[in-house]
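Per chain, numbering begins at 1; letters A, B, ... match sequence-line order.
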Number of protein chains: 2
Amino acid sequence: MTTIREVAKLAGYSPATVSRAINHSGYVSAKAAAKIQAVIAQLDYVPNDIARDLSQGRTANVGVVVPHLNHPYFTQVFNGILTAAFAADYNVVLLQSKYDADLERGYLEQLHRKAFDALIFTSRAIPLSELAAARKYGPIICCEDPGDYPLAAAYSQRATAYQAAFHWIQAQGYRHIGLTFSRSDKLSATTRLTLATYATTFGHAPAADLVALGVTTFADGYQAAQTWTTQASQPDFIFSNGDDIAAGIRQFYVDHQLTVPPLMGQENQLSGRLLGLPTIDHHFQQVGAAAFHLAASRQVAHVPVAAELILR
Amino acid sequence: MTTIREVAKLAGYSPATVSRAINHSGYVSAKAAAKIQAVIAQLDYVPNDIARDLSQGRTANVGVVVPHLNHPYFTQVFNGILTAAFAADYNVVLLQSKYDADLERGYLEQLHRKAFDALIFTSRAIPLSELAAARKYGPIICCEDPGDYPLAAAYSQRATAYQAAFHWIQAQGYRHIGLTFSRSDKLSATTRLTLATYATTFGHAPAADLVALGVTTFADGYQAAQTWTTQASQPDFIFSNGDDIAAGIRQFYVDHQLTVPPLMGQENQLSGRLLGLPTIDHHFQQVGAAAFHLAASRQVAHVPVAAELILR
DNA sequence: ATACCGTATGGAACGCGTTCCATAGCAAGC
DNA sequence: GCTTGCTATGGAACGCGTTCCATACGGTAT
């Protein structure tokens, strides 16, 4: 490894001057700059980022915690972060969490250790209180409304889109709405919000036997539809948590020569377009971009992003 | 920031002893270890990764160059890398290249600067010769067969799957095969390989007016089908470069009440399953895992991964 | 008693770029 | 002629964990 001191010696200047020349900071004569430049080219020297990071006390890395990349929410938010980070000369470290709280704590510790300058949680298993407590280790951004917790946040304003969706469904005259959700263990914030919005619109909670939990894939949707068709009470409309899932639901009806009930998906995916399903686009890419900007600016602000109802 | 020297002072030992205690290396008495442990807990001390990286001359980061994440090839390879890296306690830095050679050169420079320990190219715009030349800056892994270039590589053995696919198509009696490819600018390695395999199987190159270039999305597929239907020579079978694209092709025929020709996709995606299309699964996840292991082990080997023809 | 070894610990240098502070030449201003 | 103020440059310390090497003590082998 060639170092700045070697460059300095060969150029006949001090490391300090070489450093200034490289970073165009402070005073360097044209003659010195030229000589140093020549030596740098000759030795193929580039400064060592680790040393630079150490002396500057920062890496240009943001960590992004993602449970997995199999869901459009994550790929879209992540993409937004990536694009914004790239534009700001940051690198993005992708941290898989698998919804495991201990893994997430590990990433908080990496933040503490200065492995990255900021940490963005696209989702989380650990409580917000722990995230808030870890803020002393560096900027932490979450992608949901953190309520009163002193956390920076960028998130899709799903509530308004859900409202619009449910109003539209209601206006069409449907009353027995099948619902699918991804998390099965406990009710996630998204699930709770959907249910609350549903209750507000329809005046009552959905029928328990029309709610399917733990549904994340095409196959899960297929399975959910199967469950529904084997019971007395059946949905006359299905509001699912993804276009791919809606496609799975539809497939079950098709495969069994049953009338497919009207469906609404989410995420504005290819499968939804393919099947002409109405959907909700939560604009997760914008959420990601906003999250990055919060990370880089170290602001502790809330950035809600409007979601969009797409009818077809 | 609390440092190891503070811990040392408070514990009544030297930084060297504290370092040994933390890393369980060298000799530390039980008494010293206990005392140091207590002080670490009291101060909430964790070592600074940047300093550790500097003194050890490595980060535990691998950079992964990806043009974008909109294509299953990249998401799958990337996922394989991510999973393997996680298991080995490495972090993955995602580097967007947009098929831009200068961006890729920038990432090579980052490797030179020691921003990561190794660099994996899932695809590339710069010539292999440049990659090979940059090996002096650190391990570089490509995800294609590098031929005689001294580069580590993990890649899907597409040729055998293409052969199987074309033989199957031929055995079915089809002779006018429509083909779609993603890159339009110049013929990529994949495109060339597909065409070569085609020629070997059928004994001649595909008809020029049945080859569509620059096709990467559902909409592009739709467009390609449109072009074909407006010309004299029409395909009796379509071999496309993705299930999503095949879906787009099909959609055009459906929308225009035309008979949909039999289709084959690639990537084993949801849309293909949805439509019951035969497809090729290139096992890109395994490619990613293999690429990571090459990166971590610094071996300069070739790891071909068998692709699989899925008929439905 | 002497040599030798394992255990324990600390001092200091190292990795490498950055930056604060001091020194010095030189020109413009009074 | 002297002060003021740039322009230039270098020495040295800093950031912080690691590691080499030296020192020292208690015990065992001879």
Legend entry - Contact pattern, 5' to 3', of nucleotides 14-23 of chain C - B, S or - by protein heavy atom under 4.0 Å: -BBBSB----
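Ring-plane geometry between Tyr99(A) and His68(A) is classed as perpendicular, the angle between the planes exceeding 60 degrees on a 0 to 90 degree scale with a lower cut at 30.
Taking every heavy atom of both residues into account, Gln96(B) and Asn79(A) meet most closely at OE1-OD1, 4.3 Å. When all heavy atoms are compared, the tightest approach of Val66(B) to Thr122(B) is CA-OG1, 3.6 Å. In terms of heavy-atom proximity, Glu104(A) sits nearest to Val65(A) at CG-CG1, 4.3 Å.
Note on Ala32(B): only backbone sugar-phosphate atoms sit closer than 4.0 angstrom, heavy atoms only; bases stay farther off.
In this structure, Tyr27(A) and Tyr13(A) both approach DNA chain D, and ranking their closest nucleotides by distance from the 5' end singles out Tyr27(A).
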Inset, instruction - Go through the steps to decide whether Arg52(A) and Ile22(A) satisfy the test side-chain contact (heavy atoms from CB on, under 4.5 Å), and finish with yes or no. - result: CA-CA 12 Å; Arg52(A) 179 174 275 183; Ile22(A) 290 170; 4.0 Å; yes
What does the list of N/O pairs under 3.5 Å between the protein and nucleotides 24-26 of chain D look like, with a distance for each?
none

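Taking the ring centroids of Tyr107(B) and Phe116(B), they lie at or beyond the 6.0 Å cut-off.
Phe284(B) pairs with exactly one of Tyr73(B), Phe78(B), Phe74(B) by the ring-ring contact (aromatic ring centres under 6.0 Å, His included) rule, that one being Tyr73(B). Just one residue in the list Val62(B), Leu95(B), Asn61(B), Val93(B) forms a side chain to side chain contact (heavy atoms under 4.5 Å, CB included) with Leu119(B), and that residue is Leu95(B).
Regarding Lys31(B), its NZ atom lies at a distance of 12 Å from the C1' atom of dT9(C), rounded to whole Å.
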